[in-house]
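Keep in mind that the numbers below use all heavy atoms, side chains included, and drop hydrogens, waters and symmetry copies. Letters A, B, ... are given to chains in the order of the sequence lines, protein chains preceding strands, and every chain is numbered from 1.
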Amino acid sequence: MPATYEPIATTTLGSAAANIQFSTIPGTYTDLVITLVVNTTSVDARIVRCTFNGDTGANYSATRLQGDGAVAASSRSTGQANIPLTLNASTSTTIPTFYQFNVFSYAGSTFKTVLAMGNADKNGSGVVDRTVGLWQSTSAITTINITPSSGNFNTGTIATLYGIKAA
Amino acid sequence: MLGLWWARLLNFLAAVSGNGAGGGGSFESIATATGTGSSGTITFTSIPSTYKHLQVRGIARGGASLAPLYFYLQLNSVSGYACHHLRGNGASVDATADTARTYAELAGGGADSTFMAANIMGGIIIDIHDYASTTKNKTIRCLAGTDRNGSDGIIALSSALATGLGTTAVNELKLIAASGNWTTSTTFALYGIKGA
Amino acid sequence: MANTYELIASNTLGSAAASVTFSAIPNTFGDLLLKASVRSTYSSTEDSAKLTFNGSTVKNYPTTILTGTGSTAQSSAWTSSTFSYSYIENCFTGNTATANTFASIEIYIPKYLASANKPFSIFDTCENNNAAARMQIQASQWTSTAAITSIEIASANVVNLAAGSSFFLYGIKNS
């Protein structure tokens, strides 16, 4: 029987990679939490995105609340091939950035809702945001892929997948 | 109403057996509740005072809910809350305040079953620190959002001060749909976070 | 089984104090999470915080902020050359706010042991039964490659943290 809050897997990149994947995710938890510290990316100012179960169809969307250090704004993405978890211009080639996203009732039979936080301070040119994402599928999530919008996550990028089990 | 005795018994047995079930250290599951389709209220009662903080996590879908997709929280069946929001609808952002609400109005999590496609659910995380304190007023902090692959999605930060509760410890928590009933796909889980 | 989410230490002030420090933070976790409920003796409805790591007062604490004031949504940023601590503006309830009311603050510090700069997130609400109460999220950094071994929280206006303010530091394991 799983604990209430438990790490399922951790990936630490020993070399640059275009993708971080968590697969064969057990269906025994209630929610998933992914914590991601992007050491840097090979291309500056990339969006961090996720897909589920290898689905790259236009089945994803998101609504975002963001601040870039000067302007508070909101934006949305519809009919996407992934959930863009952060605002554009988020990652950096020189500064680590931090993301955490919650996937609710990931093994349930409704569409999948994600709440994400993006923390990408870049010493005056960064962004802080909160995003709600939607995957229009009633399938249980067994695989999560996390990618930058182009280029690679560099060495030292760490992602941990946690399961939260309700009573 | 939801009795919590069985959840506490399971946690105790898990701790004794040492297999960690129901544990995870300081973060423990207290109870789970699901919508019935015939009620707009989900209630957690007899909340033990043995934790330091509470967290509610859930997916929700109710009846008609005007933007910004409000849902309500009520502590100990008490009225009187000062509420604040910071929210984005995909096109604009705003910040609002109302210091005289009946319930704690929390934005973003109340997916609307009247115009949102089936299976779209709001995602909700609510935190209450020092909920069992008898010397502090209770502050509710919430991140919630619903996206519908188009307009009228909401992502919001909300906070509320339970002015009507005073310094009384929280022992009951209600989640109330803005209108209509919580669907049977609505689920809330209550977690306790230990302070010792 | 090792506990994933575990209380490291707590401090609830029985009387006013200038600061709260968590020291000798063990190196056995992956991330840190600080939950706090705070009021200060500053003569206003709100007070600002300063957070320092390892006692460092080097100016390397930049931050990007999104704030709601109850009527206005705004974003601002401080570069690393501005403060010698992590500045969290108007996040503590001040002395003239509604009695018995404390701000709710959560700070998540991932990979606090990594030999890289330390990004971290802040979500705070300074409810005070006032229409102008502040709520904000911050993307912050400590631009140091040192492992975090201590965290100090104090008022940026150099007043006391009020009695009843409580601080709980949790460690979260990655495996």
Side-chain angles (χ1 to χ4, degrees), chain A residues 1-12 33-40 64-74 86-87 89-92 94-100 117-130 154-165, chain C residues 1-6 29-33 59-69 72-82 86-87 106-123 135-145 170-175:
Chain A
M1 181 182 297
T4 301
Y5 197 113
E6 191 171 52
I8 299 172
T10 293
T11 295
T12 304
V33 178
I34 296 92
T35 300
L36 170 69
V37 176
V38 177
N39 194 27
T40 52
R64 196 171 301 105
L65 176 64
Q66 64 224 28
D68 65 1
V71 177
S74 183
T86 71
L87 183 67
S90 186
T91 66
S92 167
T94 58
I95 300 173
T97 50
F98 164 45
Y99 311 92
Q100 188 175 69
M117 66 160 133
N119 303 278
D121 175 83
K122 295 196 278 186
N123 197 18
S125 64
V127 64
V128 57
D129 54 36
R130 296 294 182 267
N154 283 335
T155 302
T157 295
I158 305 175
T160 301
L161 174 69
Y162 297 92
I164 297 179
K165 176 66 177 172
Chain C
M1 177 187 294
N3 291 324
T4 301
Y5 188 130
E6 190 172 307
F29 297 97
D31 304 341
L32 297 175
L33 172 61
K59 289 186 177 181
N60 54 6
Y61 296 95
T63 188
T64 304
I65 309 160
L66 177 65
T67 301
T69 66
T72 303
Q74 57 199 39
S75 184
S76 56
W78 305 107
T79 66
S80 60
S81 60
T82 309
S86 185
Y87 181 63
E106 188 156 302
I107 300 173
Y108 196 103
I109 308 166
K111 309 305 174 284
Y112 70 104
L113 301 172
S115 54
N117 292 345
K118 308 294 185 299
F120 59 101
S121 78
I122 303 168
F123 179 14
M135 163 171 33
Q136 62 199 3
I137 52 175
Q138 291 185 218
S140 298
Q141 272 206 71
W142 182 41
T143 53
S144 167
T145 59
Y170 298 90
I172 298 177
K173 290 186 181 288
N174 300 138
S175 62

Open item on the list: Please classify the contact between V37(A) and chain C as side chain, backbone, both or neither, with a heavy-atom cut-off of under 4.5 Å.
Closed with: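 Side chain only.
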Task: Side chain / backbone / both / neither for Q66(A) at chain C, heavy atoms under 4.5 Å - done: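 Only the backbone of Q66(A) comes within 4.5 Å of chain C.
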Task: Validation row: T35(A), D31(C) side chains within 4.5 angstrom (heavy atoms) - done: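 They are in contact (side-chain heavy atoms under 4.5 Å apart), so the answer is yes.
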Please classify the contact between [X] and chain A as side chain, backbone, both or neither, with a heavy-atom cut-off of under 4.5 Å.
{"X": "I137(C)", "result": "both"}
{"X": "Y108(C)", "result": "both"}
{"X": "N60(C)", "result": "neither"}

Hey, could you give me the [atom1]/[atom2] distance between [X] and [Y], rounded to the nearest 0.5 Å?
{"X": "T4(C)", "Y": "I164(A)", "atom1": "OG1", "atom2": "CD1", "answer": "10.5 Å"}
{"X": "S175(C)", "Y": "E6(A)", "atom1": "OG", "atom2": "CD", "answer": "11.0 Å"}
{"X": "N174(C)", "Y": "I158(A)", "atom1": "CG", "atom2": "CD1", "answer": "7.0 Å"}
{"X": "F98(A)", "Y": "K111(C)", "atom1": "CZ", "atom2": "NZ", "answer": "7.5 Å"}

- [ ] Tell me, please, which residues at least two apart from Y112(C) pass side-chain hydrogen bond (donor to acceptor under 3.5 Å, both in side chains).
- [x]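 Partners of Y112(C) by the side-chain hydrogen bond (donor to acceptor under 3.5 Å, both in side chains) criterion come out as none, since no residue qualifies.
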- [ ] Name the option with the most non-hydrogen atom pairs under 4.5 Å to chain A; the candidates are S121(C), S140(C), A114(C).
- [x]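 Heavy-atom pair counts peak at S121(C).
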- [ ] Using ring pair (Phe, Tyr, Trp, His ring centres under 6.0 Å) as the criterion, list what pairs up with Y87(C), not counting sequence neighbours.
- [x]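 W78(C), F83(C).
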- [ ] Over all heavy atoms of both residues, which pair between L66(C) and L65(A) is shortest? Give the atoms and the distance, please.
- [x]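 So the two residues come closest at CD2-CG, 3.6 Å.
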Open item on the list: Between N117(C) and I95(A) (side chain of the first, backbone of the second, donor and acceptor by atom type, cut-off under 3.5 Å), is there such a pair?
Closed with: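 Between the backbone of I95(A) and the side chain of N117(C) there is no qualifying donor-acceptor contact (under 3.5 Å).
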- [ ] Verify, without hydrogens or angle tests, whether S75(C) (side chain) and A72(A) (backbone) share a donor-acceptor contact under 3.5 angstrom.
- [x]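 Answer holds: no.
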TODO: Please state whether the rings of Y5(C) and Y5(A) are parallel, tilted or perpendicular, taking 30° and 60° as the class boundaries.
DONE: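 Rings of Y5(C) and Y5(A): perpendicular, over 60°.
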Open item on the list: If we count only N and O atoms by modelled type, under 3.5 Å, do the side chains of T64(C) and D121(A) hold a donor and an acceptor together?
Closed with: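 There is such a pair between these side chains.
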Open item on the list: Please identify, among A120(A), P96(A), S125(A), A73(A), the residue contributing the most non-hydrogen atom pairs under 4.5 Å to chain C.
Closed with: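 Answer, by heavy-atom pair count under 4.5 Å with chain C: P96(A).
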Task: Option in A9(A), P7(A), G67(A), G69(A) with maximal non-hydrogen atom pairs under 4.5 Å from chain C - done: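 Sorted descending by pairs with chain C, the first entry is G69(A).
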